[in-house]
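Given the structure is predicted, the values throughout are model-derived calculations rather than measurements. Chain letters run A, B, ... following the sequence lines, proteins first, then strands; residues in each count from 1.
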Number of protein chains: 2
Amino acid sequence: MRIAELSRRTGVPIPTIKYYLREGLVPAGERTGPNQAQYGEAHVKRLKLARALVEVGGLSIASAREALRLMFSAGLSELDTIGKAQYAMTPAREYMEDEAWDEAVAEVDELIAKRGWRVKPANPARRTLADALATLRRLDQDDYFELLDSYAETAERLAADEIETVARRGDLDSVAEAVVVWTAVGDTVLASLRRLAQEDKSTRLLEGS
Amino acid sequence: MRIAELSRRTGVPIPTIKYYLREGLVPAGERTGPNQAQYGEAHVKRLKLARALVEVGGLSIASAREALRLMFSAGLSELDTIGKAQYAMTPAREYMEDEAWDEAVAEVDELIAKRGWRVKPANPARRTLADALATLRRLDQDDYFELLDSYAETAERLAADEIETVARRGDLDSVAEAVVVWTAVGDTVLASLRRLAQEDKSTRLLEGS
DNA sequence: GCAAGGCAGATAGCGTCACTATCCATAAAA
DNA sequence: TTTTATGGATAGTGACGCTATCTGCCTTGC
């Protein structure tokens, strides 16, 4: 198919497709002439995937490219490729390194140890979590920390369900795809559900008083 | 205190404080002359709060302003103000309205009904969730939907814990503050914990095979 | 009392990001 | 044979979150 059909099938405007091609989110089509190329189903899929990561998952173009690259990399049989794809999805940030930060880092390490989680030191989620906890401390939201165990418990159960479900898929390619998509879009799903449940609970609470 | 100390206390550069003042994220100081103003503890707190919403919560300046405005609004005794503050934190987006979208909207309604959640139709999380589910459908990630109940269950338990903890606070101002901060920063905490737990579970799974 | 520096407020500028528009030579479609 | 579409290159756009500069005034240290 040509670019117009690719655009129609995915809902992505042609100039945007060209941009994604330039940025390497979508591989080039098969050239059939100086100014002609053919695209296939793989391109449709890849384009939909790229859009989902950027639009729903909120990834930057650079992060999405990296995640997609790892996801489709040949050495995917090396098992840590999937983990690296996850890492690529956490954008780097600068952290304010004060006492609250040191404390938060220690707290994260402790939590991981307590849960017996086996997590590499390089996992960027460690820093992101520490930053969030440090922020809460700086805002004197101390009672939030009572909830941390409950959060961790919850996260663990979710992860168990997710990994179990995804492991039922046969091929590794398909597993890698699911991990990336579920991570990116799953954040949104979970956050939305949490907001809905919060509204319900607070409505009931206020009604009872 | 003057602006230099405000900057020192919060770690926010002076030009940025001036920008936030212009944008209404932080109220003006008390004027003591044509070009002098005094800031107090309230300004320190408000500034830290604004920074947290923008940096950790990822809110736009406009969303943060709205959330802060509602959070400190006089009519906070009207109970739905807190809910509105939540709504302000979900950025608006455009949705692709195809069959997958209609299906997803119905799915969300069904889920809410099944759970017995009392949620206003205006809650923007409904649309956000529908969009995420529609995206997963378009990517043929059908097995994800097996997890939805588990996600909803999880979200409900989390919300129950959160509301219970926050309700222990005495004054409504403090409750409103916690709701906004916990919503914004809590998303990050939960997402990070989920990633950490995922790495653990997948490490164990791969090791066993 | 007086120079040096800080301050509020206004205005303009900057850098990044994710597109979007234009142009060209060529190729396909009507 | 017009007309439209295409790939690739290059340049432009608009939003966003700051950041820099300027001006007239005030505070501070000597």
*Asks:* If you assign G33(B) and E55(B) each to the DNA chain D nucleotide with the nearest heavy atom, which residue ends up on the more 5' nucleotide?
*Replies:*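 The answer here is E55(B).
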
*Asks:* Please say whether more than 12 non-hydrogen atoms of neighbouring residues, nucleotides or ligands are located less than 6.0 Å from CZ in R127(A).
*Replies:*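 Incorrect, the count does not exceed 12.
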
*Asks:* So which nucleotide from dG7(D), dA11(D), dT6(D) ends up closest to the side chain of I14(A)?
*Replies:*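 Shortest atom-to-atom distance from the side chain points to dT6(D).
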
*Asks:* Check the orientation of Y151(A) and Y144(A). Use parallel for under 30°, tilted for 30 to 60°, and perpendicular for over 60°.
*Replies:*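 Plane angle between 30° and 60°, so tilted.
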
*Asks:* E5(A) CD to dA5(D) C1': how many Å, rounded?
*Replies:*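 Taking CD of E5(A) and C1' of dA5(D), I get 14 Å after rounding.
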
*Asks:* Considering only NZ, NE, NH1 and NH2 on the basic side and carboxylate oxygens on the acidic side, decide whether K201(A) and E156(B) come within less than 4.0 Å.
*Replies:*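 A salt bridge links K201(A) with E156(B).
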
*Asks:* Taking only the side-chain heavy atoms of Y39(A) (C-beta and beyond), determine which of dC25(D), dG8(D), dG7(D) contains the nearest atom.
*Replies:*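 Output: dG7(D).
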
*Asks:* Quickly work out the L25(B) CG to dG17(D) C1' distance and round it to whole Å.
*Replies:*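 Atom CG in L25(B) sits about 11 Å away from atom C1' in dG17(D).
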
*Asks:* Atom NZ of K18(A) to atom P of dG12(D): distance rounded to whole Å?
*Replies:*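 Whole-Å distance recorded here is 18 Å.
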
*Asks:* For the pair made of CD in E23(B) and P in dT19(D), what is the distance, rounded to whole Å?
*Replies:*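 Going from CD in E23(B) over to P in dT19(D) covers 14 Å.
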
*Asks:* Is E146(A) atom CD crowded by more than 12 heavy atoms from other residues, nucleotides or ligands, each under 6.0 Å away?
*Replies:*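 Enclosed.
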
*Asks:* In whole angstrom, what separates R93(A)'s CZ from dG17(D)'s C1'?
*Replies:*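 So the CZ-C1' distance, R93(A) to dG17(D), works out to 14 Å.
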
*Asks:* Hey, does P34(A) reach any base, or is it just sugar-phosphate, or nothing, if we go heavy atoms under 4.0 Å?
*Replies:*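 Since only primed, P, OP1 and OP2 atoms lie under 4.0 Å of P34(A), the category is sugar-phosphate.
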
*Asks:* For a quick check of understanding: with a heavy-atom distance under 4.0 Å over all strands, which category does R65(B) fall into, base, sugar-phosphate or nothing?
*Replies:*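 Answer is nothing: R65(B) stays at 4.0 Å or more from every strand.
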
*Asks:* Any idea which heavy atoms bring H43(A) and A28(A) closest together, and the distance?
*Replies:*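 Shortest heavy-atom separation between H43(A) and A28(A) comes out as NE2-O, 3.3 Å.
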
*Asks:* Nearest whole Å is fine: how far is dT10(D) C1' from R22(A) CZ?
*Replies:*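 After rounding, the gap between these two atoms is 9 Å.
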
*Asks:* Can you find a side chain N or O atom of R2(B) that sits less than 4.0 Å from OP1 or OP2 on dT28(D)?
*Replies:*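 No, R2(B) has no side-chain N/O under 4.0 Å of OP1/OP2 on dT28(D).
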
*Asks:* Would you classify R8(B) as touching base, sugar-phosphate or nothing, given that sugar-phosphate means primed atoms plus P, OP1 and OP2, and contacts are heavy atoms under 4.0 Å?
*Replies:*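 Here R8(B) touches no strand at all.
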
*Asks:* For dT10(D), take OP1 and OP2 only and decide whether either is under 4.0 Å from a side-chain N or O of Y19(A).
*Replies:*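 Looking at the OP1 and OP2 atoms of dT10(D), neither is under 4.0 Å from any side-chain N or O of Y19(A).
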
*Asks:* Indicate yes or no: does E107(B) engage R137(B) in a salt bridge with an N to O separation below 4.0 Å.
*Replies:*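 Yes, E107(B) and R137(B) are salt-bridged.
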
*Asks:* N35(B) has a side chain; which of dG24(D), dG7(D), dC18(D) sits nearest to it?
*Replies:*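 Minimum distance to the N35(B) side chain belongs to dG24(D).
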
*Asks:* Using a heavy-atom cut-off of under 4.0 Å over every strand shown, decide if R31(A) touches base, sugar-phosphate, or nothing.
*Replies:*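 Sugar-phosphate contact only - R31(A) comes under 4.0 Å of backbone atoms but never of a base.
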
*Asks:* Could you state the CD-P distance from E30(B) to dC26(D), rounded to the nearest angstrom?
*Replies:*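 After rounding, the gap between these two atoms is 17 Å.
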
*Asks:* Can you measure L21(A) atom CG to dT6(D) atom P for me and round it to whole angstrom units?
*Replies:*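 From L21(A) CG to dT6(D) P: 13 Å.
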
*Asks:* With a distance cut-off below 6.0 Å to the six-membered ring centre and an angular limit of 45° from the axis, does R46(B) pair with Y39(B) as a cation-pi contact?
*Replies:*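 That pair does not qualify as a cation-pi contact.
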
*Asks:* Which residues pass the salt bridge (charged side-chain N to carboxylate O under 4.0 Å, His left out) test with E41(B), sequence neighbours left out?
*Replies:*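 E41(B) satisfies salt bridge (charged side-chain N to carboxylate O under 4.0 Å, His left out) with R9(B) only.
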
*Asks:* Choosing from dT19(D), dC18(D), dA5(D), which nucleotide comes nearest the side chain of V54(B)?
*Replies:*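 In terms of side-chain proximity for V54(B), the closest of dT19(D), dC18(D), dA5(D) is dC18(D).
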
*Asks:* Remember a base hit wins even if backbone is also touched, and classify A28(B) as base, sugar-phosphate or nothing at under 4.0 Å, heavy atoms.
*Replies:*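 Contact class for A28(B): none.
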
*Asks:* Please list, in 5' to 3' order, the outermost nucleotides of DNA chain C lying under 4.0 Å from any heavy atom of chain A.
*Replies:*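 Listing 5' to 3', DNA chain C meets chain A from dA18(C) to dA28(C).
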
